[in-house]
Peer 1: 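Submitted below is the structure of interest, expressed as C-alpha cells.
Remember, it's a predicted structure, so these values are computed and weren't measured experimentally. No hydrogens, no waters, no symmetry mates; every other heavy atom, side chains included, goes into these values.
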Amino acid sequence: PVADVNTNPNNPVIGDRAFHSDPEQAAMMVSAAVDGFHQGGVACTLKHFPGHGDTAQDSHYGYASTDKTWEEMRTCELYPFQAGMASGADAVMVAHITTPNATEDGLPASLSYEMITQKLRGELRFQRVVITDSLSDPAITQRYEPGQAALLAFQAGADVLLLPQDLEAAYGAILTAVQEGAISQERLDASVLRILHLKEVYGLL
C-alpha cells in the first residue's frame with residue numbers, strides 16, 4: 001500500500017493514490033491494507049518512504065525534495081509507515097526524494113545511509129526487506145552512473161536494488177565492492193538472508 005500522507009493535493013506522484021491527508025486515518029487504512037494482503041497470502045510493501053506526499057515534484061521524472069525536518073515527518077509522514085510496520089509489512093520501498101532538513105548527506109533517501117540504516121533500521125527498528133524505488137528513474141540516472149547508484153543504495157542499507165538502468169554495470173559494481181572488501185561478507189549475507197526469509201514465508205523456496 002501507499003503509506004504516504006497526501007499533504008499536497010497538487011503532488012504529481014502521490015495525488016489521490018494516498019489513503020488520506022490525515023496521518024491517523026492513513027495509518028488506520030494502511031494497517032488494514034497490510035492485514036488484508038496477508039490474509040490473501042500476498043507480501044506487502046510500504047511506499048514511498050520517508051513520505052512523498054509533501055513534495056511538489058515527481059521523482060520518477062527528475063529531482064524531488066521535501067523541506068520537512070525529521071521531527072516534522074515523525075508527526076505526519078512517518079505515522080502510516082510505522083503503523084504498517086507494526087502490522088507486519090514485509091518490505092519498505094525508499095523514495096528518491098532528498099530531505100535536506102532531515103539528513104546531512106545531500107543524497108536521495110534511496111541512496112542515503114542516514115535515511116535507510118540510521119533512521120529506518122535504527123530509529124524505526126525496521127529489520128525486514130528494504131527495496132529502492134526504480135534506479136532507472138531520472139531522479140537517479142540524471143545524477144549517478146548505474147554502478148555508482150547501485151553501490152550507494154546497497155551501502156546505504158537497501159536489500160533489493162530495483163530496475164537498475166544497466167543491470168550488468170550494477171551487478172559489476174556490487175561484485176567488485178565485495179571482492180575488494182568495500183562491502184563485507186556479513187553485510188551481503190544480511191541482505192541475502194532477509195530476501196530468502198521473505199521467500200520462505202510465502203513458499204517461494
Peer 1: In the structure I gave you, are the side-chain heavy atoms of T99 and M73 within less than 4.5 Å of one another anywhere?
Peer 2: yes

Peer 1: Determine whether V160 and T132 satisfy the following criterion, side-chain contact (heavy atoms from CB on, under 4.5 Å), listing intermediate values before the conclusion.
Peer 2: CA-CA 7 Å; V160 178; T132 68; over 6 Å; no

Peer 1: Are P108 and Y144 close enough that some pair of their side-chain heavy atoms sits under 4.5 Å apart?
Peer 2: yes

Peer 1: Classify the ring geometry between F49 and W70 as parallel (under 30°), tilted (30 to 60°) or perpendicular (over 60°).
Peer 2: perpendicular

Peer 1: Within a strict 4.5 Å, meaning less than it, do heavy atoms of the V30 and L46 side chains meet?
Peer 2: yes

Peer 1: Working to the nearest 0.5 Å, report the span between CG of L124 and NZ of K119.
Peer 2: 9.0 Å

Peer 1: Of all the heavy-atom pairs spanning A173 and L151, show the shortest one and how long it is.
Peer 2: O-CD1, 4.3 Å

Peer 1: Check for a donor-acceptor pair, side chain of Q155 on one end and backbone N or O of I183 on the other, with a separation under 3.5 Å.
Peer 2: no

Peer 1: Between T75 and E71, is there a side-chain heavy-atom distance shorter than 4.5 Å?
Peer 2: no

Peer 1: Is it true that D90 and R128 have a side-chain N and a carboxylate O under 4.0 angstrom from each other?
Peer 2: no

Peer 1: Tell me, do Q118 and Y113 make a side-chain contact under 4.5 Å, heavy atoms counted?
Peer 2: yes

Peer 1: Are K68 and E77 close enough for a salt bridge, meaning some N to O gap below 4.0 Å?
Peer 2: yes

Peer 1: Are any of the side-chain heavy atoms of I131 and V92 separated by less than 4.5 Å?
Peer 2: no

Peer 1: What's the separation between atom OG in S112 and atom CD1 in I116, rounded to the nearest 0.5 Å?
Peer 2: 7.0 Å

Peer 1: Report yes if some heavy atom in the side chain of D133 is under 4.5 Å from a heavy atom in the side chain of V94; otherwise report no.
Peer 2: no

Peer 1: Would D137 and Q165 satisfy side-chain contact (heavy atoms from CB on, under 4.5 Å), going step by step from the backbone distance to the final call?
Peer 2: CA-CA 8 Å; D137 287 344; Q165 185 183 36; over 6 Å; no

Peer 1: With no hydrogens and no angle check, just 3.5 Å: does a side-chain donor-acceptor pair link Q185 and D189?
Peer 2: yes

Peer 1: Pair H96, H48 - check side-chain contact (heavy atoms from CB on, under 4.5 Å), show working.
Peer 2: CA-CA 9 Å; H96 298 321; H48 305 76; over 6 Å; no

Peer 1: What's the shortest heavy-atom distance between A150 and A170, and which atoms?
Peer 2: CB-CB, 3.6 Å

Peer 1: Using a cut-off of 6.0 Å, state whether more than 12 heavy atoms not belonging to E145 lie near its atom CD.
Peer 2: no

Peer 1: Considering non-hydrogen atoms only, spot the tightest contact between P50 and L78 and give its length.
Peer 2: O-CD2, 3.6 Å

Peer 1: Taking all non-hydrogen atoms of both residues into account, name the closest pair between C76 and P23 and its distance.
Peer 2: O-CB, 3.7 Å

Peer 1: Would you indicate whether the side-chain heavy atoms of Q82 and F126 approach each other to under 4.5 Å?
Peer 2: no

Peer 1: State, to 0.1 Å, how close R187 and F154 come at their nearest heavy-atom pair, and which atoms those are.
Peer 2: NH2-O, 2.7 Å

Peer 1: Under the salt bridge (Lys or Arg N to Asp or Glu O under 4.0 Å) criterion, do R121 and D159 qualify, and how do the steps go?
Peer 2: CA-CA 12 Å; R121 292 211 189 279; D159 302 304; 2.7 Å; yes

Peer 1: When you look at L205 and L196, which way does the side-chain contact (heavy atoms from CB on, under 4.5 Å) test go after all the steps?
Peer 2: CA-CA 8 Å; L205 291 180; L196 289 176; 3.9 Å; yes

